[in-house]
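Each chain gets a letter, A, B and so on, in the order its sequence line appears, and its residues count up from 1.
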Protein chains: 2
Amino acid sequence: MSPDTRTRLMEGTIAALRTHGIAGVSARTIAAAAGVNQALVFYHFGSVDELLTAACRWSTEEQVAEYQERFAAVGSLRELQTVGREMHAQERAAGNITVLAQLLAGAHTNPAIAAATRDSFALWIAEIEKALVRLLADSPLGEIADVPGLARAICASFIGMELYDGVDPDGVELAFDALDQLGAVLEYLDGLGPTARRAVRAAVRRTVKKKTSSASG
Amino acid sequence: MSPDTRTRLMEGTIAALRTHGIAGVSARTIAAAAGVNQALVFYHFGSVDELLTAACRWSTEEQVAEYQERFAAVGSLRELQTVGREMHAQERAAGNITVLAQLLAGAHTNPAIAAATRDSFALWIAEIEKALVRLLADSPLGEIADVPGLARAICASFIGMELYDGVDPDGVELAFDALDQLGAVLEYLDGLGPTARRAVRAAVRRTVKKKTSSASG
DNA sequence: GTCTATATTTAGATAGAC
DNA sequence: GTCTATCTAAATATAGAC
């Protein structure tokens, strides 16, 4: 059976963002994509902006739920990278990169979209953090890595790859390959003995101390 | 003396993107920001879209020129990171992150903006590549790193940090700190002896081979 | 090159029939 | 809850005076 009108309108909003962009979404383009009457946008959501934020929250919840199992099954940093690359391919094919770009742009002029996007990212970051805590539990990298910061860096880099894809898809493949190399380096460090481990940790500590003192001074 | 009308219109376009977003730019908001008459948009550029792409190209050229010297002065990977972080702070203060987000969104529905944005990134990537070639010239990382891919990964990650900043500025600071840690790790590898160097290189080679065979098979 | 005025289209939003 | 009809505001674009 077909979903109710509220859901159809949110689906239509995402579809309209995909085909017309944030600059082209309107009650009419959304209603057309949803296959319902234009006035229902205002009856169900009050305004186009309200519908936009509702659709943003709704679609991320759907997406995160879809990928949750794959995140949970990840057993190494390299596997996390592979899942990321697969996600990228899948999201691109689904046209969701375009949607993300539109919402990130809209967040800058619409506080409600900004809040919805922030909450959406929080869902993704929570998944990444869970995976990192698990993966780094018995790893030398776990002793030095700042998991919350690393999760956000991973999320931000992924966002960057997504958006860079919009202007240069070939460049993104090169970039993914380079990050795979970086992952191999980290994996190598993961297998180091206690002496080298201590040396790496000391090097990182020096860096962190430098940053902290310059930030607080 | 004040710039000519064409330039004022391009400046006005960037200002309008900043305050109204891609969804809110119009011949009227642009003209208001530029302090000129609305009809001049069409006289000088033919359409709002043409003006948008012209402004995109123009503003990146101005920006890249502004940062070129700082890129050229970079002497280590960590310094490159520091320049990136300073750029981020400066660009945020100037409101240019918002502009970037709007153009990236517009690129998905407007091929001309996509082309202009691609060319703009190419300018940035060229600067990063130049710096990387110089920095990795006499470094063990230079033997294993794929410079074009790495430059694109750095550019993409930076874009991601910029855009993530729009929804969670505090998270970005955590992320930058985590990347600083990663930089410290790489710097440590940079100082390793020939034996460890070979081990890292072998680990990376295994990865690359795996990827290449799976991509071509 | 720049301005005023305006034709035309499209957007957000609401009233009221069903 | 849904539709038609419509009001109002704002956008693109052009014609023509200066």
The complete set of side chain to side chain donor-acceptor pair (under 3.5 Å) pairs with one or both residues in residues 9-22 of chain A, sequence neighbours excluded, reads Arg18(A)-Asn96(A)
Scan residues 99-113 of chain B for pairs that pass side chain to side chain donor-acceptor pair (under 3.5 Å), counting only residues two or more places apart or in two chains. Thr98(A)-His108(B), Asp49(B)-Asn110(B)
My understanding is that only residues two or more places apart in sequence, or in another chain, count here; which of them pass ring-ring contact (aromatic ring centres under 6.0 Å, His included) with Phe71(B)? none
What is the per-nucleotide protein-contact pattern of nucleotides 12-18 of chain C, from the 5' end, where B denotes a base atom under 4.0 Å from a protein heavy atom, S denotes such proximity for sugar-phosphate atoms only, and - denotes neither? BBB----
Please report the interatomic distance CD1(Ile125(B)) to CZ(Arg118(B)), rounded to the nearest 0.5 Å. 11.0 Å
Atom [atom1] of [X] to atom [atom2] of [N]: distance rounded to whole Å?
| X | N | atom1 | atom2 | value |
| --- | --- | --- | --- | --- |
| Leu40(A) | dT4(D) | CG | P | 10 Å |
| Leu52(B) | dA11(D) | CG | P | 14 Å |
| Asn37(B) | dA13(D) | CG | P | 15 Å |
| Ile30(A) | dT10(C) | CD1 | P | 17 Å |

Can you name the residues that form a salt bridge (Lys or Arg N to Asp or Glu O under 4.0 Å) with Arg70(B), not counting sequence neighbours? Glu86(B)
Only counting residues at least two apart or in another chain, list the ones meeting salt bridge (Lys or Arg N to Asp or Glu O under 4.0 Å) with Arg6(A). none
Per-pair distances, 0.1 Å, donor-acceptor, side chain in residues 158-169 of chain B, under 3.5 Å, sequence neighbours excluded:
unit_1: Glu162(B); atom_1: OE2; unit_2: His88(B); atom_2: ND1; d: 2.6
unit_1: Tyr164(B); atom_1: OH; unit_2: Asp168(B); atom_2: OD2; d: 3.0
unit_1: Asp165(B); atom_1: OD1; unit_2: Arg92(B); atom_2: NH1; d: 3.3
unit_1: Asp165(B); atom_1: OD2; unit_2: His88(B); atom_2: NE2; d: 2.9
unit_1: Asp165(B); atom_1: OD2; unit_2: Arg92(B); atom_2: NH1; d: 2.8
unit_1: Asp168(B); atom_1: OD1; unit_2: Gly171(B); atom_2: N; d: 3.2

I need the residues from residues 6-18 of chain B with at least one non-hydrogen atom less than 4.0 Å from DNA chain C; give them sorted by number, or say none. none
With the side chain of Thr5(B) defined as its heavy atoms from C-beta on, choose the nearest nucleotide among dT2(C), dT2(D), dA11(D). dT2(C)
Using residues 145-153 of chain A as the side-chain source, report each donor-acceptor pair under 3.5 Å to any protein atom, sequence neighbours left out, with the distance given to one decimal.
unit_1: Asp146(A); atom_1: OD2; unit_2: Gly149(A); atom_2: N; d: 3.0
unit_1: Arg152(A); atom_1: NH1; unit_2: Glu129(A); atom_2: OE2; d: 2.9
unit_1: Arg152(A); atom_1: NH1; unit_2: Pro148(A); atom_2: O; d: 3.0

